Enquirer: 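Quick one: the structure is below, and I'll ask about it shortly.
Sequence positions, counted from 1, serve as the residue numbers for this chain. As the structure is a computational prediction, the values presented were derived from the model and not from experiment.
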Amino acid sequence: MQAILGTKAAYGKAMKSRGGARPDIESIVAAFEGSSFDTPSGPTRMALGKGHQAIHGTAYGTTRTVGGKVTMVHVLRYAPEEVNPPEGVKGEDWIRSGLGR
């Protein structure tokens, strides 16, 4: 879903930069670089890989039945910087180092 919404946002941005004309691939790629766009699960930023790799936060929790309804409890949320290694750092090295903490 994020890829589709990101492509849509980049296409619109590239089209606007070309005065409403249909953008070419290079214009779309340029519009994607370093961009941000909203998704159903929150904002996504093209922040790694010189603006070509997206980062996005995440959340997880457990479910419990409360009053006959399944409810998410103990939800923990993590910012994009807490689930993605910094630019130029291998994921395995980042994990071994304690995730930058």
Side-chain angles (χ1 to χ4, degrees):
M1 177 64 89
Q2 281 88 344
I4 293 169
L5 293 171
T7 302
K8 181 181 177 195
Y11 188 92
K13 182 178 176 182
M15 190 174 201
K16 185 176 180 179
S17 75
R18 294 174 54 96
R22 182 178 178 184
D24 55 14
I25 295 295
E26 291 78 18
S27 298
I28 297 169
V29 170
F32 240 135
E33 290 176 357
S35 67
S36 297
F37 49 92
D38 289 326
T39 69
S41 56
T44 297
R45 292 182 291 126
M46 302 298 287
L48 298 177
K50 298 180 183 172
H52 291 267
Q53 182 180 346
I55 63 172
H56 187 85
T58 193
Y60 75 92
T62 55
T63 58
R64 297 279 186 263
T65 302
V66 177
K69 295 182 180 180
V70 177
T71 305
M72 289 291 295
V73 296
H74 307 295
V75 177
L76 299 174
R77 298 183 187 282
Y78 295 91
E81 296 78 16
E82 294 178 298
V83 294
N84 299 277
E87 185 76 46
V89 177
K90 292 182 179 179
E92 185 176 342
D93 294 337
W94 186 62
I95 291 167
R96 282 192 179 127
S97 75
L99 306 173
R101 295 181 184 154

Enquirer: Please check if atom CD in Glu87 has more than 12 non-hydrogen atoms from other residues, nucleotides or ligands closer than 6.0 Å.
Expert: yes
Enquirer: State, without any angle test, whether Thr58 and Glu82 hold a side-chain donor-acceptor pair at a distance under 3.5 Å.
Expert: no
Enquirer: For atom CZ of Arg18, decide whether the heavy atoms of other residues, nucleotides or ligands shown that lie under 6.0 angstrom number more than 12.
Expert: yes
Enquirer: Say whether Met46 and Ile55 are linked into one hydrophobic cluster, either directly or through other cluster members, by side-chain heavy-atom distances under 4.5 angstrom.
Expert: no
Enquirer: Quick one: are Pro43 and Phe37 in side-chain contact, heavy atoms under 4.5 Å?
Expert: no
Enquirer: Hey, does Tyr11 have a side-chain heavy atom less than 4.5 Å from the side chain of Arg22?
Expert: yes
Enquirer: Should Val83 and Ile95 be counted in the same cluster of Ile, Leu, Val, Met, Phe, Trp and Tyr side chains packed under 4.5 Å apart?
Expert: no
Enquirer: If we check side chain to side chain contact (heavy atoms under 4.5 Å, CB included) with Thr71, which of these qualifies: Thr63, Thr65, Val66, Thr62?
Expert: Val66
Enquirer: Atom CG of Leu99 and atom OH of Tyr78: how far apart are they, to the nearest 0.5 Å?
Expert: 9.5 Å
Enquirer: In terms of heavy-atom contacts, does CD1 of Ile25 have more than 12 from other residues, nucleotides or ligands at under 6.0 Å?
Expert: no
Enquirer: For Ser27 versus Ala14, what's the shortest heavy-atom pair and its separation?
Expert: O-CB, 3.5 Å
Enquirer: I need the minimum non-hydrogen distance between Arg96 and Glu92, along with the two atoms involved.
Expert: NH2-OE2, 2.7 Å
Enquirer: Before accepting this row, confirm whether a basic side-chain N of the pair Glu33/Lys13 lies closer than 4.0 Å to the acidic partner's carboxylate O.
Expert: no
Enquirer: A side-chain contact here means heavy atoms from C-beta on lying under 4.5 Å apart; do Tyr60 and Val75 qualify?
Expert: no
Enquirer: Under 3.5 Å, is there a donor-acceptor pair between the side chain of His56 and the main chain of Pro80?
Expert: no
Enquirer: Look up atom CG in Leu5 and atom CG in Asp38, then write down how far apart they are to the nearest 0.5 Å.
Expert: 9.0 Å
Enquirer: Can you confirm whether Thr7 sits close enough to Phe32 that some side-chain heavy atom of one is under 4.5 Å from a side-chain heavy atom of the other?
Expert: yes
Enquirer: How close do Gly91 and Pro85 get, counting heavy atoms only, and between which atoms?
Expert: CA-CG, 3.9 Å
Enquirer: State, yes or no, whether a side-chain contact exists between Gln2 and Ser41 at a heavy-atom distance under 4.5 Å.
Expert: yes
